[in-house]
Amino acid sequence: MTLSHSIEDRIQRSRNTKEYQNYHRVRESVIKMIEESSVKGSSTSDYWKEELQGFEYMLDASPLIIESLREHCYHITGLKSYDYRSHHSHKKQPYIEKLNLLKNLDGRNLCIPENRNLGGFGHEIDGELYNLDTLKFYEQLIAMDIGGVLPLLEKNDGKRNFVVEIGSGWGGFGYQIKKHFPNVTYVCVDLPQTMLFSAVYLSSLFPDSNTLIYGDIADEQLLDKWYDYDFIFLPHYKFADLELPNIDVAINTVSFQEMTTEQVSGYASKLKENGCRCLYSHNRDRSPHNQQLTKVSDILSLYFKTSQIDFLDTSYTTIGKEKKRSLLNDTVRALRKQLPGRLNRKAQDKSNRKYRHIVGR
């Protein structure tokens with residue numbers, strides 16, 4: 001068999017996979033959502049308008065693109081597989097150190113490595129793959145545990161928990177939550193185009209899951225039997241209009257910071273209105289490039305009684321310089337607040353750029 005024939009055979013096999021079938025189902029739904037949102041005049045922040053243009057090609061993806069779906073998630077996270085290839089293995093020591101630090105803070109074995117399917121990538125550590133995303137997810141799970149969020153997902157009555165992630169991205173954190181807590185209905189709310197990643201990823205990695213995508217059934221019946229589903233995918237523009245069941249846990253990670261003040265307020269208000277028991281946020285107060293947002297923490301505190309979970313002194317994006325919080329660092333922060341004028345503003349700007357674990361009740 002010639003090389004060209006073997007490649008053709010591989011492409012044909014990829015066309016027949018469950019993953020590619022999942023993609024076609026999701027693609028059809030996403031196109032309908034995009035058309036509907038255009039008619040409704042749904043808006044996104046200036047930042048996301050530009051980002052969406054970058055992965056428009058996913059609306060007509062080849063089988064090999066879906067086979068390596070994780071390779072293309074950089075459009076959402078900025079994380080590229082190139083940085084984790086074998087010729088960069090000399091750079092993995094800081095990842096090992098960060099992983100060990102998190103394990104020392106982990107009270108219940110929460111670590112889940114990168115899944116190798118659909119092009120999963122990362123540095124090989126003890127036979128598993130780890131990248132910045134997986135370490136971020138691990139840190140978030142520890143923060144949620146410390147903040148008393150995870151115990152809310154441990155029902156013993158057999159009934160499902162209703163969990164909503166606003167800004168679910170490519171589905172990576174949904175994968176982690178569902179692995180730890182199988183008996184949840186996990187609702188992914190995001191821009192329709194992102195579901196080309198998240199809905200394909202989650203339905204493929206959980207092949208026996210029951211998945212509902214917006215448009216599958218009439219709006220008025222959409223959430224009537226939410227407990228029958230493992231995953232539900234809803235477009236951002238529809239969230240405010242839906243009558244939701246009581247939400248056990250709501251999650252937003254690295255997404256509120258990219259929205260407008262009006263959008264963050266809208267989500268927080270809707271969550272409070274629907275009796276959300278607990279909200280977990282992992283965000284900067286405002287991304288440096290986002291001029292349409294005030295401060296995430298201030299907005300959330302208008303709707304929830306919030307507390308900040310501090311257990312690392314650096315943000316998840318910093319690999320190799322982590323340490324537990326110390327009294328000295330707390331003292332430095334207190335002194336910065338007393339700095340005059342310009343110096344204090346610089347300290348505040350830097351503070352706005354730090355990622356914060358916030359729990360709201």
Side-chain angles (χ1 to χ4, degrees), residues 3 6-7 10 14 19 50-51 54-55 57-58 61-106 109-143 168-176 179 194 196-198 200-202 204-205 253-255 257-258 282-284 287-289 311-324 353-355:
L3 179 60
S6 64
I7 293 176
R10 179 186 168 197
S14 296
E19 290 80 3
E50 185 176 6
E51 291 303 304
F55 60 88
Y57 69 90
M58 288 296 297
S62 72
L64 296 187
I65 287 179
I66 301 306
E67 187 178 283
S68 59
L69 185 68
R70 278 291 283 122
E71 296 266 355
H72 300 268
C73 294
Y74 71 87
H75 290 289
I76 296 178
T77 66
L79 212 64
K80 296 183 178 181
S81 64
Y82 173 81
D83 297 316
Y84 297 90
R85 291 176 186 166
S86 56
H87 60 276
H88 286 143
S89 61
H90 62 284
K91 298 180 179 179
K92 73 178 179 181
Q93 185 58 37
Y95 289 80
I96 296 174
E97 294 171 2
K98 176 68 173 285
L99 178 61
N100 289 335
L101 174 60
L102 292 173
K103 285 185 175 180
N104 287 333
L105 296 168
D106 180 5
N109 194 26
L110 294 168
C111 183
I112 296 179
E114 171 88 359
N115 193 297
R116 294 178 184 269
N117 292 329
L118 294 175
F121 58 85
H123 288 306
E124 189 98 21
I125 302 174
D126 296 330
E128 302 285 2
L129 298 180
Y130 295 91
N131 55 45
L132 188 63
D133 276 348
T134 42
L135 293 181
K136 176 184 71 173
F137 298 151
Y138 191 15
E139 180 180 329
Q140 289 171 175
L141 288 169
I142 294 171
S168 49
W170 61 272
F173 199 49
Y175 169 75
Q176 300 259 333
K179 290 287 285 185
T194 65
L196 295 166
F197 301 98
S198 60
V200 176
Y201 186 79
L202 291 171
S204 297
L205 265 59
T253 68
V254 199
S255 173
Q257 65 191 38
E258 311 293 359
H282 184 204
N283 285 279
R284 291 168 168 172
S287 291
H289 55 256
F311 61 101
L312 290 177
D313 195 56
T314 53
S315 295
Y316 82 92
T317 51
T318 304
I319 298 291
K321 299 179 181 179
E322 298 82 359
K323 53 183 177 293
K324 297 180 182 179
R353 293 196 297 270
K354 181 183 177 182
Y355 286 89

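This one's a predicted model, so the numbers in the text were calculated from it and none came from an experiment. Values below: all heavy atoms of this structure, side chains included; hydrogens, waters and symmetry mates excluded.
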Go through K136 and F173 one step at a time and tell me if the side chain to side chain contact (heavy atoms under 4.5 Å, CB included) criterion holds.
CA-CA 9 Å; K136 176 184 71 173; F173 199 49; over 6 Å; no

May I have the step-by-step check of side chain to side chain contact (heavy atoms under 4.5 Å, CB included) for Y175 and F137, ending in yes or no?
CA-CA 10 Å; Y175 169 75; F137 298 151; over 6 Å; no

Where do K98 and L312 land on the side chain to side chain contact (heavy atoms under 4.5 Å, CB included) test, with the steps shown first?
CA-CA 11 Å; K98 176 68 173 285; L312 290 177; 4.0 Å; yes

Starting from the C-alpha separation in whole Å, work towards a yes-or-no answer on side chain to side chain contact (heavy atoms under 4.5 Å, CB included) for L101 and E139.
CA-CA 10 Å; L101 174 60; E139 180 180 329; over 6 Å; no

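Between the CD atom in E19 and the CG atom in L118 there is a gap of 5.5 Å [rounded to 0.5 Å]. Note: L135 CG to Y316 OH = 11.5 Å, rounded to the nearest 0.5 Å. One finds the CZ atom of R70 at 11.0 Å from the OG atom of S68 (value rounded to the nearest 0.5 Å). In this structure, CG on N117 lies 10.5 Å from CD on E67, to the nearest 0.5 angstrom. Interatomic distance, T317 OG1 to Y355 OH, rounded to the nearest 0.5 Å: 6.0 Å. The CD atom of E114 sits 6.5 Å away from atom CG of L129, with the distance rounded to the nearest 0.5 Å.
By the side chain to side chain contact (heavy atoms under 4.5 Å, CB included) test, H289 pairs with Y47, E258, S287, sequence neighbours left out. E51 is linked by a salt bridge (Lys or Arg N to Asp or Glu O under 4.0 Å) to nothing, counting only residues two or more places apart in sequence or in another chain. Evaluation of the salt bridge (Lys or Arg N to Asp or Glu O under 4.0 Å) rule for R116 yields E124 as partners, not counting sequence neighbours. With sequence neighbours left out, the salt bridge (Lys or Arg N to Asp or Glu O under 4.0 Å) criterion links E71 to no other residue. Every residue two or more places apart in sequence or in another chain that forms a side chain to side chain contact (heavy atoms under 4.5 Å, CB included) with S62 is listed here: L64, I65.
In this structure, W170 and Y201 have perpendicular ring planes: the angle between them is above 60°, well past the 30° mark.
The side-chain heavy atoms of P113 and I125, taken from C-beta on, include no pair separated by under 4.5 Å. Residues T134 and N131 form a side-chain contact, since some pair of their non-hydrogen atoms from C-beta on lies under 4.5 Å apart. Side-chain contact check for I142 versus K103: every heavy-atom pair is 4.5 Å or farther apart. Contact annotation: the side chain of Q140 never approaches that of L110 to less than 4.5 Å [non-hydrogen atoms, C-beta and beyond].
Of all heavy-atom pairs spanning A61 and I66, the tightest one is CB-CD1, 3.9 Å. Heavy-atom minimum distance, N283 versus S255: OD1-N, 2.8 Å. A pairwise comparison of heavy atoms in K91 and P94 identifies O-CD, 3.3 Å as the closest pair. Among all heavy-atom pairs drawn from I112 and Q176, the shortest one is O-NE2, 3.1 Å. S168 approaches S198 most closely through the heavy-atom pair OG-OG, 4.4 Å. Residue P63 comes nearest to S14 through the heavy atom pair CB-CB, 3.4 Å, listed as atom of the first residue, atom of the second, then distance.
Judged as a salt bridge (Lys or Arg N to Asp or Glu O under 4.0 Å), not a single pair has a partner in residues 74-84 (not counting sequence neighbours).
Ring pair Y84/Y95: centre-to-centre distance below 6.0 Å. Remark: aromatic rings of Y130 and Y138 are distant, center separation not under 6.0 Å. Between Y57 and H75, the ring center distance clears the sub-6.0 Å criterion.
Annotation for D126: atom CG does not count as buried by contact number, only 12 or fewer foreign heavy atoms lying within 6.0 Å.
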